[in-house]
Undergrad: 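Pasting in a structure now, in structure tokens, and then I'll have a few things to ask.
These numbers come from a predicted model, not from an experiment. Chain A is the first sequence line, chain B the second, and so forth, proteins listed ahead of strands; every chain is numbered from 1.
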Protein chains: 2
Amino acid sequence: MSGMAYDPTAYPAVAVTVDLVVLTIRDDRLCALAVRRGERPFRGRWALPGGFVRPTEELDAAAARELAEETGLTPAQVHVEQLRTYGSPRRDPRMRVVSVAYLGLAPDLPVPLPGTDAEAATWMPVSELEGADVRLAFDHAEILRDGVERARAKLEYSSLAAAFCPAEFTVAELRRVYEIVWGTEIDARNFHRKATKTAGFLEPTGETTTRDGGRPALLYRRGPAEQLQPPLTQPRR
Amino acid sequence: MSGMAYDPTAYPAVAVTVDLVVLTIRDDRLCALAVRRGERPFRGRWALPGGFVRPTEELDAAAARELAEETGLTPAQVHVEQLRTYGSPRRDPRMRVVSVAYLGLAPDLPVPLPGTDAEAATWMPVSELEGADVRLAFDHAEILRDGVERARAKLEYSSLAAAFCPAEFTVAELRRVYEIVWGTEIDARNFHRKATKTAGFLEPTGETTTRDGGRPALLYRRGPAEQLQPPLTQPRR
DNA sequence: CCAAAAGTGTTTACCCTACACCCATGT
DNA sequence: ACATGGGTGTAGGGTAAACACTTTTGG
């Protein structure tokens, strides 16, 4: 009920942070934003970007601010949504920290501008971050795993895949997103039909491009739909 | 990165709570657990059950504890999963409170035993709690809405519907769950085929029951599957 | 026997996959 | 001309909605 009397001095302080799983596709690989820690604990280790929520700040605003500070990316460029909250009592050895994790999906943007923070954020392939030799700080490996899993699942029934593409993109570029995130091959011709027929998913711009060679492809914009009906189902082994 | 130096005295205290959207089906209606607030703010208003997370307590454990305290229900009887976190700076007028909301699904159990807390929890139809004359405390109307939406969505692709049923149940009882949560009619014969054919969803006990009249129905237990493949799709208008 | 609910069979329409095929460009 | 990728047509298998029909109980 969150309504009992509460004496702040009766409990040790709790800190609330946001942590960000920001995904993009670079060089045909799924990558996540990572920062190298400059302080203890976990000094020198890779970690997810994030930071403290300010006293009068919305959680969503804190996530957007941290993203902008460390990368220069704005909410207009990146789809951001709340992922899950992690609050195990010993996840941070210094004190009780409850972290609200966010998932962000970004198009392949120029290498993030080092923000106002000291450590610059870098894109790292998810496969490397999940490997045994990179041991992410805190419980960030778990957060990353959950974020990637959410992204994989949401591609099926939402229009989120387009968040990985620039403002104007071709059907083939969108298909590459699905193939890379799911790690599967997709029939280009059937995908084309499904993607263009799903109401509200893609809006033709009328322009064409030949950047991939071959016959010019129509360019599309993200449409207004958030849910795909019917979903784009992932091939089951 | 949740790794900058932090001085607890530099910020006003933040409280972390859990709030619970516990759903069940009673008298053919979707109901949620609600408590009447005995203190300010929002004294006398309906609210979701919940309370403060203790200093060394897991968030999940806090949710389970609050559920047990207010209703006597144990995690073995109720499916509980994290829903979303609500942390708007002014959602509680007294201080900054970040609340991690949980979703619980329970079978139609005897009226919850008043727990150790003063206010007893009661099952209230969701339609009433969502009505204009019940104004839930804090942002609990939003939390309830999100919980119900999550439950509706998860019935499609997960085996969660069985969490609304007792340990042994018939296919018809399971179908009633879908009909009530979705507010739709479902063809009993096609549903029977789909539900019993989906691998891992239902395990026959071998027993039968005639509690609904007519030909005796086979009784089933929850199977091991968590995801339904293929999903049980909701009829689209 | 009849009502009621459980469960099976069958038809038909639709959708999805696989793949043949044509189109429009660059070299 | 030919390679490359874009885009359309279509046959065949599978699935799902609709509903006729059989089964098994209680009254």
Undergrad: I need the CG-P distance between Asn190(A) and dG9(D), as an integer number of Å.
TA: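 Taking atom P of dG9(D) as the reference, CG of Asn190(A) is at 13 Å.
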Undergrad: Check whether Arg29(A) reaches the backbone of Val126(A) with its side chain - one donor and one acceptor, N or O, closer than 3.5 Å.
TA: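 No, because the side chain of Arg29(A) does not come within donor-acceptor range (under 3.5 Å) of the backbone of Val126(A).
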Undergrad: When you get a sec, tell me which of dA6(C), dG6(D), dT24(D) is the closest nucleotide to the side chain of Ala217(B)?
TA: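 My answer, after comparing the listed nucleotides, is dA6(C).
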Undergrad: Does Lys194(A) or Thr210(A) map to a spot on DNA chain C nearer the 5' end, using the closest nucleotide for each?
TA: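 Looking at the nearest nucleotide for each, Lys194(A) comes out on the 5' side.
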Undergrad: Is the closest basic N to carboxylate O distance between Glu173(B) and Arg176(B) below 4.0 Å?
TA: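 Looking at Glu173(B) and Arg176(B), the cut-off is not met.
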Undergrad: In whole angstrom, give the distance that lies between atom CG of Asp187(B) and atom C1' of dA5(C).
TA: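 Roughly 14 Å, once rounded to whole Å.
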Undergrad: Given that Val171(A) and Gly214(B) both sit by DNA chain D, which one's nearest nucleotide is further toward the 5' end?
TA: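 The answer here is Val171(A).
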Undergrad: Starting at NZ of Lys197(B) and ending at C1' of dG9(C), how long is that distance when rounded to a whole Å?
TA: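 Going from Lys197(B) (NZ) to dG9(C) (C1'), I get 10 Å.
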Undergrad: Could you give the CG-to-P distance, from Leu218(B) to dA5(C), as a whole number of Å?
TA: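 Between P of dA5(C) and CG of Leu218(B): 17 Å.
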Undergrad: Take atom CG of Leu232(B) and atom C1' of dA17(D), then tell me their distance rounded to the nearest Å.
TA: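 Distance check: Leu232(B) CG to dA17(D) C1' gives 14 Å.
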Undergrad: Is the ring pair Tyr178(B)/Trp182(B) parallel, tilted or perpendicular, if the boundaries are 30 and 60 degrees?
TA: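 Aromatic pair Tyr178(B)/Trp182(B) classed perpendicular.
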Undergrad: Between His140(B) and Ala47(B), is there a donor-acceptor pair closer than 3.5 Å when you use the side chain of the first and the backbone of the second?
TA: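 No: the side chain of His140(B) does not pair with the backbone of Ala47(B).
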Undergrad: Indicate, with a heavy-atom threshold strictly under 4.0 Å, whether Ala172(A) touches base, sugar-phosphate, or nothing.
TA: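 Contact class for Ala172(A): sugar-phosphate only.
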Undergrad: For Phe191(A) and dC16(C), what is the distance between atoms CZ and P respectively, to the nearest whole Å?
TA: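 Computing the Phe191(A):CZ to dC16(C):P distance gives 13 Å.
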Undergrad: Given that Arg193(A) and Thr208(A) both sit by DNA chain C, which one's nearest nucleotide is further toward the 5' end?
TA: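 Closer to the 5' end of DNA chain C: Arg193(A).
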Undergrad: If you count the non-hydrogen atoms of other residues, nucleotides and ligands that lie under 6.0 Å from CD in Glu226(B), is the total more than 12?
TA: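 No.
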Undergrad: Please pick, from dT25(D), dA18(D), dA16(D), the nucleotide with the shortest atom-to-atom distance to any side-chain atom of Pro216(B).
TA: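 The listed nucleotide nearest to Pro216(B)'s side chain is dT25(D).
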Undergrad: Can you check the Phe169(B) CZ to dA6(C) C1' distance for me, whole Å?
TA: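 So the two atoms are 16 Å apart, to the nearest Å.
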Undergrad: Output the rounded distance in Å from CD1 (Ile186(B)) to C1' (dG7(C)).
TA: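 It works out to 17 Å between those atoms.
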Undergrad: Side chain of His192(B) only, please: which of dG7(D), dT8(C), dT17(C) is the nearest?
TA: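 Looking only at heavy atoms from C-beta outward on His192(B), the closest nucleotide is dT8(C).
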Undergrad: Taking the side chain of Arg215(A) as its heavy atoms from C-beta onward, which of dG7(C), dG5(D), dC19(C) lies nearest to it?
TA: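 Taking heavy atoms from C-beta onward, the closest nucleotide is dG5(D).
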Undergrad: Of the candidate nucleotides dT8(C), dA6(C), dT17(C), which contains the atom at the shortest distance from the side chain of Arg189(B)?
TA: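 The listed nucleotide nearest to Arg189(B)'s side chain is dT8(C).
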